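See structure below.
Each chain gets a letter, A, B and so on, in the order the sequences are listed, and its residues count up from 1. All of these numbers come straight from a predicted model, not from anything done at the bench. Just so it is clear, the values below take in all heavy atoms, side chains as well, and ignore hydrogens, waters and symmetry mates.
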Amino acid sequence: MTQEHAGPGLAKAYRPAEVEGPIYERWLAADVFAPDGAGSRADPAKPPFVLIQPPPNVTGSLHLGHAQRSAVEDLMTRHARMQGRAALFLPGLDHASIAAQVVLDRIIAAEGETRASLGRDRYLERMWRFIGETRNLMLAQQRRVGASCDWGRLRFTMDEDSSRAVREAFARLYREGLAYRYETLINWCPGCRTSLSDLEVVATPETGTLWTIRYHLLDEATGDPDHAATISVATTRPETILGDTGVAVHPDDPRYTALVGRRVRIPFVERDVPIIADAVVDRAFGTGAVKITPAHDTDDYATGERHHLPFVDVMDDGGHISAAGGHYAGLERYAARQRILADLQSAGDLMASTPHEMVIGRCHRSHDVVEPRLKTQWFVRTKPLAEAALRATRTRRTVILPERFEKVWEHWLTDIRDWNVSRQLWWGHRIPAWYCPDGHVTVTADAAGPAACEACGRPPAELTQDPDIFDTWFSSGLWPFSTLGWPRATADLARFYPGTVMETAYDIIFFWVARMMMLGIHFMEDAPFEVVYLSGLVRDPYGQKMSKTKGNVVDPLEAIEESGADALRFSLIHGAAPGNDQKFSAEKLENARNFANKLWNAARFVLGARPSTTPPDAVRSAPDAARLGPAERWLRSRVAAAVVAADRALAEYSFGELTRVLYESIWGEYCDWALELAKVRLADETLPAADREATWWTLVEALDTYLRLLHPVMPFVTEAIWDETPRAAGDPALLIVADWPAAPPADAAAEAEVGALLELVRALRNARSEARLDPAAWLAVDVALPSSLGPAFDTLAPALERLAHARPLRRVADADALRSGAPGGLAVVAGPIEAMVHPLAAGAEAAARDRARLERELAGTETQLDGARARLADERFVAQAPAAVVERARARAAELEERVARLRASLEG
RNA sequence: GGGCGGUUAGCUCAGUUGGUUAGAGCGCAUGCUUGACAUGCAUGAGGUCAGAGGUUCAAGUCCUCUACCGCCCA
């Protein structure tokens, strides 16, 4: 594409598939994505713009949510780049520890393998092979969306730099006493065979069963069970009977006072346990007596600690009963439950069973019921870190958008509990802790491991590394600085930390944003970003979350192939507000595609309408102000308004507003009016060439500005058109690095004059339509207008004729002259302008319809006038409202009065 | 149990610090092969802004309560 082929060189319809690929290649070749690339035009005096991409999970293809977020991230990056800031959009991929294992487990299952059959080393090999395949696919998808990432700085959460950062971060936390190893009750997923953080457990309301079970008290004399003396307990989990080490009642419960201190025999495991009194027991629940299983229940754990009860773990890692469960050993936990219930039944000790509404914790990956279990795990002490994160948001060092999320942020960080970072998985960062046979712990950031046991000096050969890996969010939490080279003191780290914006979906605000804030502030002594922009979720047209299992996932590539990347981006940004979910629909996509096509065709017209006197390679400069007509001045003023509105929307991160402004300006003003007004003038050979040139340059200037404003949202089509658009001196070769436009001054007079004349065109069209006159007929129209509009009218009359399909459009002296002409005309009132349309053949029917139209208009206007008068009659309004508001109300009332008078005159005349 | 959000045209959604006549897209109706575009053009119909109360000269917008829908935390 070259300038010589401008206009005619553009195809009749915009075909994104032919345009997008080559343009992306040109951007890459020009090296404009990197803030320090050869093609960068960044001003070193301006602050850099840094957006580290939330790394998508490397496990699969991208969905519409990714496309939406890439679009928003890219929009911000491109805007900043055009403002002359060094803009870093750093891409990445996440190894997604547990999520990846779930995916790979499914794949190898289809191959007849299991994690166990492969073993750790071969499993990890298989994983690297798998992500080698998905990785390139995912990166290609991002390019198709148009993301202007600095691919040279691409990072992976499992690459060497990230590993170094993870080891260093953990070693420092350990030294500072912020990481510790401890045995306690943790969340265990038997399906994933790993512990989970509290966030990964999903509280699920379910209807279970509450069973009442009878335990036999021991005869105090013989120590044998007394078949007559029993205590009944209520439980939803009979299988945990095997781990019971106590029965508890409320200390003030008279039903049981006499039993406290007695012992009962736990059936099947034949364990004798005490009846204890503890205020934690809810007397109203079940029988008022509860079994205590300290190793399998959070509340029981605390009770067990208070009363020094033994902790008996009766399950294994796969959720089967362990050897501690006697002859139930080996049974899956729910099978064991059924067997135990049956055995209780036959023993006569199952007293009742009732449906019970309860909340069950399930694994957010596998949906297995999470088992509380006693395990030794690594924890991060979060309290001090969370306080620092709260300070950052409270002082507005970091702002969360939309602001309402700051409330949940406050709440969660205030009540935060320590973070279990150990996972019993294979795919992830190995915990850099080594244990010696004496139980000493050595933590080191050294990739080679410790030189000796820190405590007793035993050689490395006698030390064993912790088999566990880190929660995937631990490495993610370091992302804002690990990506920049930390812990090494790199130039990137100095220049690009802290970042500017963190864009992510609101559903991972705790998983991720909170951890980045905590760890960023801790290690870098400054919050990792200025703004947290939380996107909503993209749902299907019915409001459902998109998921592979539901089969309602829309592949962004399909949408791109169908309608183009720009259309997809626009449709995902248009009408969306931060933090609000949005439904994706084919109609929105189609509308966006139509918009791209509209812009394309407008450009095709403008570029093809170059006056013959203007050379094809002419350098663009501001049009000659002395030769601008009212339409040109009007357009320039409207463009200025668009720049102001776009700047405002961007400053407020209101990207839906940005697209709304641009759509309305480009389609509703530029295409619908400015181009149509210009057509006549451009074709008018009687005008001096310089006038026609000034008109054309005004159109080109406006197009150029719109392209710049729209580029961050629709980068491909704008770049393609700009390639054909005359450049100004100093413009770069590519729009992506062109300057963001500055708003030219507004022209209030031109806006008022042309605005009134366009209103006349609308009123004439309306009159013709309402009277059902022949749409093809050129109708003679007389116009009476205030003298202030005279010059603009005279200049624009030929264009107005064309737009209203009215010819001749004659200016008459005043309204009386209007009515003194031939009878049978249709009266039209448009603001301060009055007109009389003369139908070719005066029909009684048309006249009647026209009368009805005028009467409707009069009635509506009178209603408005009544309202305006009532308002002004209110003394309190006049006294208390701001003077400007009152003034506007007065002007409004005066205008309505005039309008009513004109309509009345028209009806009478 | 605690908290947050939503309820605006047939559908999907915007709506700035309260201030003219509440907007858009799609859909609908009536027309139009007007030389950039039928992926288009013109005109039109369609809303007591969930309900009730309050603050204010003025409320879709602020406050209180209610109903329904959704989400988060426990």
Inset, instruction - Indicate the ring-plane relationship of Trp667(A) and Phe595(A), choosing parallel, tilted or perpendicular according to the 30° and 60° boundaries. - result: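 If you compare the ring of Trp667(A) with that of Phe595(A), the planes turn out parallel.
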Inset, instruction - Evaluate the ring planes of Phe510(A) and Trp412(A), with Trp represented by its six-membered ring, and classify them as parallel (under 30°), tilted (30 to 60°) or perpendicular (over 60°). - result: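 Ring orientation, 0 to 90° scale: parallel.
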Please classify the nucleic acid contact of [X] as base, sugar-phosphate, or nothing, using heavy-atom distances under 4.0 Å.
X         : answer
Glu770(A) : sugar-phosphate
Lys12(A)  : sugar-phosphate
Asp581(A) : nothing

Report yes if at least one side-chain N or O of [X] is closer than 4.0 Å to OP1 or OP2 of [N]; otherwise report no.
X         : N      : answer
Arg660(A) : A14(B) : no
Lys679(A) : A36(B) : yes
Asn766(A) : G44(B) : yes
Asn594(A) : A38(B) : no

Identity of whatever pairs with [N] - Watson-Crick or G-U, under 3.5 angstrom:
N      : answer
U55(B) : none
C41(B) : G31(B)
G1(B)  : C73(B)
U20(B) : none
A36(B) : none
A67(B) : U7(B)

How far does the [atom1] atom of [N] sit from the matching atom of [M], given to the nearest Å?
N      : M      : atom1 : result
C71(B) : G15(B) : P     : 22 Å
C65(B) : G23(B) : C1'   : 30 Å
A50(B) : U61(B) : C1'   : 16 Å
A24(B) : C41(B) : P     : 15 Å
U8(B)  : G25(B) : C1'   : 15 Å
C57(B) : A14(B) : P     : 33 Å
U48(B) : U7(B)  : C1'   : 16 Å
G60(B) : A22(B) : P     : 10 Å

Just compare [options] and give me whichever is closest to any side-chain atom of [X].
X         : options                : value
Lys583(A) : C13(B), C26(B), U43(B) : C13(B)
Arg876(A) : A14(B), G25(B), C57(B) : C57(B)
Ala881(A) : U43(B), G19(B), A14(B) : G19(B)

Legend entry - Arg681(A) side chain to Thr695(A) side chain, donor-acceptor N/O pair below 3.5 angstrom: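 There is such a pair between these side chains.
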Inset, instruction - Decide, yes or no, whether a salt bridge links Arg648(A) with Glu657(A) under the criterion of side-chain N to carboxylate O below 4.0 Å. - result: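 No salt bridge links Arg648(A) with Glu657(A).
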Inset, instruction - Using the ring of Tyr663(A) (Phe, Tyr or Trp, six-membered ring only), decide whether Lys598(A) places NZ or CZ under 6.0 Å from its centre and within 45 degrees of its axis. - result: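 Pair Lys598(A)/Tyr663(A) does not count as cation-pi.
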